[in-house]
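Before any comments, here is the structure.
Counting starts at 1 for both ligands and their atoms, following the listed order. Because the structure is a prediction, the values reported are computed rather than measured.
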Amino acid sequence: MIETLCILFRLLLLMIALIIIGEPVRVALSKYSHLFRKLDFLQISVLNIYLGGLILYLIAMLPFHFFNANVAWAITVISGVLSIFLHKVALKKLNSLIRPVQKGTINVRNYLSEHKIAVLQCSAVLGMFLVALCIQVSPLPTIIFGSIHDTSLHSLFVQVMLENQGVPLTMQPYLQEGIVYPQAAHVFFAYGCLIFGYMPPEAIFHITALFQVLIILSAYYIGKSYSSRRLGLSLAFIFFCVSRWPRLLAWGGNPYVVAFPLQFISLSLIPFLQDSHAEDSTWKKNLSLFAIGILLGYLAALHLTLYIIVMATITVSTVVNVLRKRAFYELRNLLIVFAISIIPISPFIYRFVEWYPYPGHNIGLPSDITIAPWVYTNLLNWLLFSEGISPYPPLVIMMLGLAIFSGIIIYRKRRQLATLLNPTKVSLCLLLASLILVLLFHLQYVFPPISIITGEAVRPTISIFISLCFLVGVFNVILYDTLINNFRKRLTRIILPSKQVFESTVAIALTFLILFSIYSPFLYYTITQDTGYLAESYGKFAVTTLDDYELMLWMRDNLPENSVVLVNVYEPGMFIPSISHRKAIYPWVLSKDSSSYQRLIEMIRNGTMSSAVYDTMKQLDITHVYVGAEYSYQWEKNRKWDPLVFLSNPSFDLIKKIGTAYLFEVSYGKPEVVYKDSFEYTNVYDMGWKFINAEGCQFKGSGYVSTNSSYTYNGTHNLVITAKNEGGLFYANGIYRTIYIWDTSNVTLSFYINATAGFSPPDALSICICDTSWNQSICFTTPNSLYAEHNSTIVLPASVGLFSYNISDIWQKTYNAMLPTTFFITIQNIDFDGVENVGYVGDISVKVGD
Ligand SMILES: [Ca+2]
Ligand SMILES: [Ca+2]
């Protein structure tokens, strides 16, 4: 609870800081342009966040490397002082509001009663914003960072931005490749790190949650600027509980989420482009057009596809007006705005063009990339049946019903829409533009899959849904008016004319009751289910554990600077660059799609540690290997690495283990020895050994497994395994571990054992090879064992000594089959006589080939 409040508080502080940075810009703009006048404080809040972000983006893009904590603080403080200075008069007025009533002044109570409805509406919007923020952050404390893919990639961008004090050209020292991904969203995250002490992945994960909720304020923004505060309230409500986008987007898509509210603000600028008399002087008009262009370009720098969707919407609206009204100045406005919007992303366009002839276009496109044909996604299917509309099936039906009903009502009332006409038009333009884009994005099945539009077709599909949400928002206002008028008419027939106030209160209450009943399922799911849904969805890709986090922090403090860590792209090691500040092969970038890397991580997953694995690792200069505690959700299969591939493999030294997260140093020894255990450690379970559970309760006894320095064969420690029968038939104490090999034709098992202390016939110490289903096995056992008659049992010539066997041959003879590539080694001590058996195992090794 306290943690949730801390997260909430930190996000609200960040929001206020951004609002303050944006304020001087907004005031300056509104002095010279009509663009951002007539905004209330809620609209100002959401707009300022982006104006503040724009200032920070400008600073980060300038090549002077001064995007650091000092400058960030300075800008925040200076903007704060400037804002107070600019609002001197307003602040004085506010001061008079608080003072007791005097002649000629207004006080709070008067002000509130005068603006009763506006205050209520704004409070409702703010209330929804805060409730949604609580819902949004409540799953966050239990999760360490976000998706190991999206969040790790964006935190890498933030990390290089912090190290370079600005947006650098390349991702050095973590990767060679240049940065062409527009970095405006990352500036928000980096600002959070500089001022509020976030770790980069944490900044991305938490700040994204803030922007997911900010959509409520920006929906209010567009509603109010198009029509009225009532439409604003209606849209805020729709994006509070009806639209799942972007509130329930849990897999990442962080810059997309950050850009989402600005998309609405951008759409609210369309009427300005359509109005030839929007400003009184030409230079003011040009200034406004310039500001719109820059804001649209900033949207592009936040997320390119949302920019394309907004531009397409403006284009559709312009084309319609040019065809209907011959309004050619609109076309001119569009072209001006489009040209100016290129400015904020021009550095990235320049980089893209400049680097295009370079190998891999200098964006890390690997030369050995395997281009799989892009799987066709049926987007209608996705929208309707794969949680595109809502993750809760009853709401999908409700939403479709609402959308169809809204469409019919709006069409029937099309002549009486009045102030609702413009928002209706823009919703339809957005709908048409999105449909066109969905069709255009389908060209990706024609183009090579590695192109800028890959996978982007989903986003205009979401915009189709958004346009329907706008229409439902308009419908709410119509419904409200119709209901309230009807109730009033009916009530006047019943109630005395003198009771007008009462009558209108009853009408409002009844109207809200009906609206509430329509939306109660949406409210119910939002309040009761969203937190759980978010927690579950995050759980699929946000799989970093506390062990991983601690190990990565340990690496930051202890690992040599020039270390290169091999990571599995399905494990939390993806956060190594942004947490440990060490190079990882590979982060979630294009390089990871190289065939050699994919082959490498797949071979390790299979336990195929042949010389090819070491060759590839040498080529990539790998010095360490990170094995995470968990792995991300994968549709096809589990891609987790088993730490047993590395544990006791002589080519890898375990240098740190925290819980089930491991860090190994690569020593490039002899790849043919896959396993060599000399028990030079204290905890056998840490090294991958597990207990064999004694089957049945008739086996009473005791025993332990440990390492000590008695009867040492090699080094200073041995494995010691004891068993003592205590009144049963016998007692068996055993441990096992998994071995992975790739070539099973000539495998040698060697071991040193000493089974003298307390062993008398038929007591036995045995070492077995078992398949992983425990069905087939071959055993090497000390003389006089009960199992000596089994044809799968080889009796050792002595109770003490170093023995070596070709287990491929033995397995072949016993089962007439190849030795499995994955098998268990078991060590078992069996006592019958009640005199404790103390068995020692000195060395065990498994070798592939000669
Ligand atoms: Ca030893
Ligand atoms: Ca014994």
Among F691, W774, Y685, which one satisfies ring-ring contact (aromatic ring centres under 6.0 Å, His included) with Y736?
W774

Under 3.0 Å from the Ca ion (ligand 2), can any N, O or S atom of [X] be found?
| X | answer |
| --- | --- |
| A723 | no |
| V835 | yes |
| N837 | yes |

Parallel, tilted or perpendicular: which describes the rings of Y805 and F751, with under 30° parallel and over 60° perpendicular?
parallel

With no hydrogens and no angle check, just 3.5 Å: does a side-chain donor-acceptor pair link Q176 and T170?
no

Between N714 and D843, does any side-chain donor sit less than 3.5 Å from a side-chain acceptor?
yes

Drop me the distance from S702's OG to E726's CD, to the nearest 0.5 angstrom.
3.5 Å

D833: which N/O/S atom is nearest the Ca ion (ligand 2)?
OD1

Answer yes or no on whether R10 is positioned over the face of Y198, meaning its NZ or CZ is under 6.0 Å from the six-membered ring centre and within 45° of the axis.
yes

Does the cation-pi check pass for K592 over W588, that is, NZ or CZ under 6.0 Å from the six-membered ring centre and within 45° of its axis?
yes

Lys/Arg-Asp/Glu bridge criterion (N-O < 4.0 Å) met for R599, E602
no

If the Ca ion (ligand 2) is the vertex, what is the angle to OD2 of D763 and OD1 of D831, rounded to 10 degrees?
80°

So what's near the Ca ion (ligand 1), protein N, O or S atoms under 3.0 Å?
S678 O, S678 OG, E680 OE2, N714 O, H717 O

